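Values in this document were obtained by computation on a predicted structure and should not be read as measured data. Every chain is numbered from 1, with letters handed out A, B, ... down the list of sequences. Heavy-atom basis, side chains included; hydrogens, waters and symmetry copies ignored.
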Protein chains: 2
Amino acid sequence: MTAPLHEAHPSGPGRVLPDTQQGMRRRNLARVMHAVSAEGQLSRAAVASRIGLTRAAVSTLVDELIRSRLLEELGPERPGRVGRPGSALAVSGHGPAGIGAEIGVDHLAVCAVDLRGQVRARAIRHGANRGRSPEPVIDELTELLRQVVAEAKGEGLWPAGLAVAVPGLVARDARTVVRAPNLDWHDTDLGALLPTDFPLTVDNEANFGALAELWLGEGTPPDFLHVSAEIGIGAAVVVAGGLLRGTRGFAGELGHVPVRPEGPRCACGGRGCLEQYAGEEAVLRAAGLEPGEDRVGLLAGRAAEGDAAVRRALRDAGKALGIALTGAVNLLDPESVVLGGALSGLAPWLLPSLEAELDRRTAGPACPVSVSRLGPEGPLLGAAYSVVRAVLDDPAAVAERN
Amino acid sequence: MTAPLHEAHPSGPGRVLPDTQQGMRRRNLARVMHAVSAEGQLSRAAVASRIGLTRAAVSTLVDELIRSRLLEELGPERPGRVGRPGSALAVSGHGPAGIGAEIGVDHLAVCAVDLRGQVRARAIRHGANRGRSPEPVIDELTELLRQVVAEAKGEGLWPAGLAVAVPGLVARDARTVVRAPNLDWHDTDLGALLPTDFPLTVDNEANFGALAELWLGEGTPPDFLHVSAEIGIGAAVVVAGGLLRGTRGFAGELGHVPVRPEGPRCACGGRGCLEQYAGEEAVLRAAGLEPGEDRVGLLAGRAAEGDAAVRRALRDAGKALGIALTGAVNLLDPESVVLGGALSGLAPWLLPSLEAELDRRTAGPACPVSVSRLGPEGPLLGAAYSVVRAVLDDPAAVAERN
DNA sequence: CTAATTTGTAAACGGCCATGACGAAATAGG
DNA sequence: CCTATTTCGTCATGGCCGTTTACAAATTAG
């Protein structure tokens, strides 16, 4: 996991990876893992026909994976058809685990996920982190991490890597937080503060949320737009099953898409950006509420009670979101739009105006809008599962590390 | 060339291509071709270090490619360093050729490009095609095709495929034109009308224009936004060296990105779409001119003369483009924006207001805007070179067809 | 003129998947 | 109940392909 693997990458004319027999073997090991992981349970013969290799070849690959404790033999399948029944294989529930962590504005969380995607251990600590310096926060996180790792080890798992979701911009090295306005952190190298004996990756929580939707959401297509709001409004663009990060890593700044070019000034230098209409601050102001703790819960509560001002504010925000998303949908033609993060809790009041605006304006057929069912857990799960994906993508690498 | 190769594609959990030794060989042949093609001239040893194989392996690969007439041995390199000088290899100038064709609103064009990217034969026929039925147009195109193929064969080339650029929407089969408003063609199967003895691909001219920029433009990055205008305004999104086509193939509809949400109604059902401000019709109206032949040339001429109304119209169009592009740039974070098609001729008067708007509004650092130097030839060259790319991407496939 | 360096090729080697055969374990049909 | 059929997993064999090792050829450095 030296490089983040969940990334679309060029096969451009520059320096290219060699295609040697060892590489072929590694890719085939990965194909077996992916096939079994996707179906949950599969015989060798089924894997063979699925990935296009012969049964004999798959046998040796599976042997190797079982020896590395990445795959488990569950025993003979219940026969339904003629012929000898296959022996069911499943991804191991006692092998490597992905450790995910989230540094939120008012909580810290850590969890361990096994190769099957099951959460096997977790720990949460509530309490505002806004404005605290990194060191004590990381100390607390390290303690949670210790607990979770211990619990996972008790279940026969061993940590294959740690992925940390942070509410801010992360440098390309996937270690240092360039700036996290809500924490007031700048250029913080989590790699130095979090010395672990397994690989570390840091990424934006919105990105991990989108990946969670991609990997763990039910029926999520490989091309979609994941919109989330914490303070800012961000969109993650998922194309062909990979995150589009942009040249400088700044892709997805939906919050600064112009909605009304002559609208109110924005901190970014523009005018009438989406954030001026659908950002947290703007919505609270329009609803006549003061900023404070748990603002989203407050909004949702008032809206549920029937507060007219709040409902109007959310309706207007939905409309602005619809306008901005129209541009995005026309440009990218995604299969769907998913609302995640804080937006999922407010969806009932945002959706009607959002969809109305989007449907009316989109050039082609309407693009379906859905709400994430992972809710606020998305980023944490996505982080943990990103480690699992790295294992599935190159099982040989972790096997030799064990 | 059964499938369009210039496409980002998923490695998703579904059915995956097998990784066999033959496949490895084919990919390594492709790597050698790409390496030599990228540098123009390279020794075996240089290829080996570039693609990460040993000299011995590269030797056998090169032998095979030379036997297939895809590579040529130019003889010993001029020695500059110590050691035995290498033998220069170059992509063949006497092997397969890519044939490109363009069906424009008021012209037809065909050209042949060799593996080195050199145009080796061409034929053009001017004359309005608007409203003519497909058959006579295709007949004329076939005649041009015949000429170009004959000329190419005279130079020792043989056609490896035909790619046709059309001003309209093309179905996913890459053969039938769903609708081309400027030609008034609907559901026209060019595969049936153009029976050739080599593979055929049909695509939108804007897509081919963007690919031409990617493949043949000087210093074009692998991530950029290519904006072009014919009647509508379209953007091609190039990500990681591949075209982003969208789920339904509708990606890039920049013309219907909302610029002013309460602006004038648009045919698409929305309001204030970019096309209402920067579309050809809108600009002509704002400039006080009547629609007619060679509208772009007219605009450019008047603007050059200093016509105030025309200049103002273009300035306003540039501003609207800047607003729409701000959204796209914030969402995608491309390395640059390239203006192509009709826009390249009008760039001097569009650019200032466009860049001003874009720079002011973009959240991150400014995104450079450049003008395509391929100009109106882009789509034709892109089409022809797309065939060449297909050869470079899988040389074994064409070798066995020869 | 010799030593050092680099290139291209040839032969032996080892790894990996395909092929074909075979035993094992189920169903189908008499 | 017994046999033919089907499917699964495995084993031995073979062929393909990149690596390793060695070597001759061609150049520069001194």
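- At a cut-off of 3.5 angstrom, counting only N and O atoms as typed in the model, there is no donor on one side facing an acceptor on the other between the side-chain of B:Arg84 and the base of D:dT27.
- Under the 3.5 Å distance criterion, with hydrogens and angles disregarded, a donor-acceptor pair is assigned to the side chains of A:Arg25 and A:Thr60.
- Within the 4.5 Å cutoff, no side-chain heavy atoms of A:Val388 are placed close to those of A:Arg116.
- Put simply, the side chain of A:Gln22 and the base of C:dG14 share no donor and acceptor less than 3.5 Å apart.
- For D:dG18, one of the phosphate oxygens OP1 or OP2 lies less than 4.0 angstrom from a side-chain nitrogen or oxygen of B:Asn28.
- For A:Thr20, no side-chain nitrogen or oxygen approaches OP1 or OP2 of D:dG18 to under 4.0 Å.
- Phosphate contact (OP1/OP2 of D:dG18, side-chain N/O of B:Thr54, threshold under 4.0 Å): absent.
- Note on B:Ala56: a base of the nucleic acid sits closer than 4.0 angstrom, heavy atoms only.
- Checked by distance alone, A:Arg55 brings a side-chain donor or acceptor within 3.5 Å of a matching partner on the base of D:dG9.
- In terms of phosphate contacts, B:Ser59 brings a side-chain nitrogen or oxygen within less than 4.0 Å of OP1 or OP2 of C:dT9.
- OP1 or OP2 of C:dC17 lies within a sub-4.0 Å distance of a side-chain N or O belonging to A:Arg25.
- Between B:Leu89 and B:Ile66, some side-chain heavy-atom pair lies under the 4.5 Å cut-off.
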